[in-house]
**Q** 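Supplied in structure tokens, the structure appears directly below.
When a residue number appears, it is its place in the shown sequence, counting from 1. Both ligands and their constituent atoms are indexed starting at 1 by order of listing.
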Amino acid sequence: MPAAFYLSPEIYDLDINGVLMKHWQCVTHVSAIPEVGDYVVFNYDRESAIIVRDKDGEIRGFANVCRHRGSRICESSGKAEGGMLICPYHAWAYSTDGSLAHARMMPRTLDKSTLGLKPLAVKVVQGLIFLSFADEPLSFDDCEANLNATLGAYDWAGAKIAFQSTISFSANWKLALENQVECYHCGPSHPEFSVVHGQSSGSEKKLAQMMNAKAEALGVDITITDQWAEKARPGYELSFSDRFPMSGENVCTASRDGAPLAPRMGKFAAGYDNGQTVAYVGVMNHFLCYGDYGAAFRYTPKSVNETELAVMWLVRGDAVEGKDYDLDELTWMWKVTAGADKRIVQENQIGVSSRFYTPGPYALPIEQKTARLSDWYLSALSKAISA
Ligand code: FES
Ligand code: FE
């Protein structure tokens, strides 16, 4: 795309408020807030949400904005003291169902029932917690079906977070995403990834046949769907999934040498299919499934030239660190690969800032998803402008 789409603060503002804010975001996994009163805070541009486990065990989302004078209530993750979320400014106290429980020194006649926290839409699918800041959220039905068909085979609902980290890219969110959806760069930029993944091997077709035969023998039938970019139904969240083979018969997972890293998950209890499943929700969230671990990725724009990537590693719920898996080995591949992505995307940002930059042709079909992403974005932006 022309440089202005990566550099202009005005377009960035339209991106956030006209294009991105209505989409669902994956906040975390349920294992991050296992107990009643546990909460996490998710910040998105000017908005902030509290996602809390309520007394009945349900997970609820609220705008992190006090109904007194508007202070942010929770700064980061924590536990509701005595079951209350307490505003640090004047100590109004909210229950974990969002209702206002106590308002210090206010008259007894105060109608507290009108002063609860504003609720936000939350969906929990396969253990992942999704949140929307929209007044009328996009339908999550396609995503729910897709995640159940893909992540469900690996039982992400019964998984737990082994590790999570965030990486800051000094680049516009579109450059981060354009890079993330194609594997044209995998060969030159990700040697560690390319050793064990079949995407850039040239013999992907043969490897895919092997993957499918192994999956069938295991009784694993993963349905993939494509409701993404131009194929998304109007009013529905974008949803996409795909399957890719690993690079060889003995390559079980994304590790240094393809050897297993953690206890096998879900339907893969009996063995590996030497494949990988990927699912997308919206444009900013994608989920990679291997037979023994998962990796969830979320991009969050921070400014016109800063984007945060949050990565969450998931293992089977009963796996024990140090006994069943080594954390350094488990996280090695995607730390190395995400670090390389940071470097190439930042160099890309510097390049498109030059007056000599003009957009070049895509390599098709391998950059097809980047082309689709650009087409989808430009059409979403023009709709936002004319709305
Ligand atoms: Fe929260 Fe006053 S702003 S109690
Ligand atoms: Fe990459």
Side-chain angles (χ1 to χ4, degrees), residues 39 41 48-50 62-75 78 80-82 84-95 98-107 110-112 114-118 165 167-201 242 244 247 254 276 278 280 283-288 295-299 307-311 331-349 351 362-363 366-370 373:
Y39 66 83
V41 169
S48 179
I50 304 166
F62 302 103
N64 190 6
V65 179
C66 183
R67 296 297 308 276
H68 176 222
R69 295 243 305 274
S71 172
R72 183 170 288 211
I73 299 162
C74 302
E75 241 181 84
E81 295 283 336
M84 294 289 154
L85 298 162
I86 299 173
C87 179
Y89 200 168
H90 312 95
W92 280 26
Y94 300 89
S95 300
S99 60
L100 177 62
H102 304 291
R104 277 177 60 241
M105 301 165 78
M106 296 293 286
L110 179 75
D111 184 2
K112 294 206 282 284
T114 61
L115 292 168
L117 296 176
K118 298 206 170 148
S165 72
I167 307 168
S168 181
F169 289 34
S170 299
N172 184 266
W173 67 273
K174 275 159 271 175
L175 290 180
L177 259 288
E178 285 172 6
N179 171 70
Q180 191 266 307
V181 299
E182 54 89 353
C183 213
Y184 189 30
H185 72 280
C186 294
S189 300
H190 298 312
E192 303 85 357
F193 172 96
S194 299
V195 167
V196 291
H197 293 79
Q199 275 114 310
S200 46
S201 68
D242 212 342
F244 297 102
S247 63
Q276 172 201 22
V278 53
Y280 285 84
V283 283
M284 307 301 245
N285 307 275
H286 74 281
F287 310 103
L288 301 184
F297 300 79
R298 183 195 65 231
Y299 288 92
T307 305
E308 181 188 88
L309 169 63
V311 189
T331 55
W332 174 81
M333 173 64 73
W334 283 103
K335 276 186 181 163
V336 169
T337 305
D341 281 324
K342 172 183 166 103
R343 190 175 64 246
I344 56 183
V345 168
Q346 291 188 163
E347 290 300 314
N348 199 175
Q349 179 79 26
Y362 288 121
I366 197 166
E367 284 188 291
Q368 188 63 51
K369 276 204 244 146
T370 303
L373 176 69

**Q** Please name the pair of heavy atoms, one in N179 and one in D341, separated by the smallest distance, quoted to 0.1 Å.
**A**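 Of all heavy-atom pairs spanning N179 and D341, the closest is ND2-OD1, 2.8 Å.
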
**Q** At their closest point, which heavy atom of V65 faces which heavy atom of L117, and how far apart are they?
**A**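 Closest pair (atom of V65, atom of L117, distance): O-CD2, 3.7 Å.
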
**Q** Looking at N172, is its backbone amide N or carbonyl O close enough to the side chain of Q349 to form a donor-acceptor pair, meaning the two atoms are under 3.5 Å apart?
**A**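 Yes.
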
**Q** Evaluate the ring planes of W92 and Y94, with Trp represented by its six-membered ring, and classify them as parallel (under 30°), tilted (30 to 60°) or perpendicular (over 60°).
**A**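 W92 and Y94: tilted rings.
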
**Q** With distance as the sole test, does Q180 use its side chain to make a donor-acceptor pair with the main-chain N or O of A176 at under 3.5 Å?
**A**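 Not at all, since once roles are kept as given, no pair shorter than 3.5 Å links the two residues.
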
**Q** Please find the pair of heavy atoms, one from A93 and one from M84, that lie closest to each other, and give the distance.
**A**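 Residues A93 and M84, closest heavy atoms: CB-SD, 4.1 Å.
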
**Q** Would you say NE2 of H90 has more than 12 non-hydrogen atoms from neighbouring residues, nucleotides or ligands within 6.0 angstrom?
**A**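 Counting other residues, nucleotides and ligands, NE2 of H90 exceeds 12 neighbours.
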
**Q** Check A254 against M333 and note the closest heavy-atom contact, atom names and distance.
**A**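 It is O-CB, 3.6 Å.
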
**Q** I'd like to verify the contacts: list protein N, O or S atoms under a distance of 2.8 Å from atom 1 (Fe) of ligand 1.
**A**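 Metal shell, protein only: C66 SG, C87 SG.
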
**Q** Does the plane of the ring in W334 sit parallel, tilted or perpendicular to the ring in F297? Use 30° and 60° as the thresholds.
**A**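 Rings of W334 and F297: perpendicular, as their planes differ by over 60°.
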
**Q** Just the protein N/O/S atoms under 2.8 Å from the Fe ion (ligand 2), please, no waters.
**A**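 Sorted hits: H185 NE2, H190 NE2, D341 OD1, D341 OD2.
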
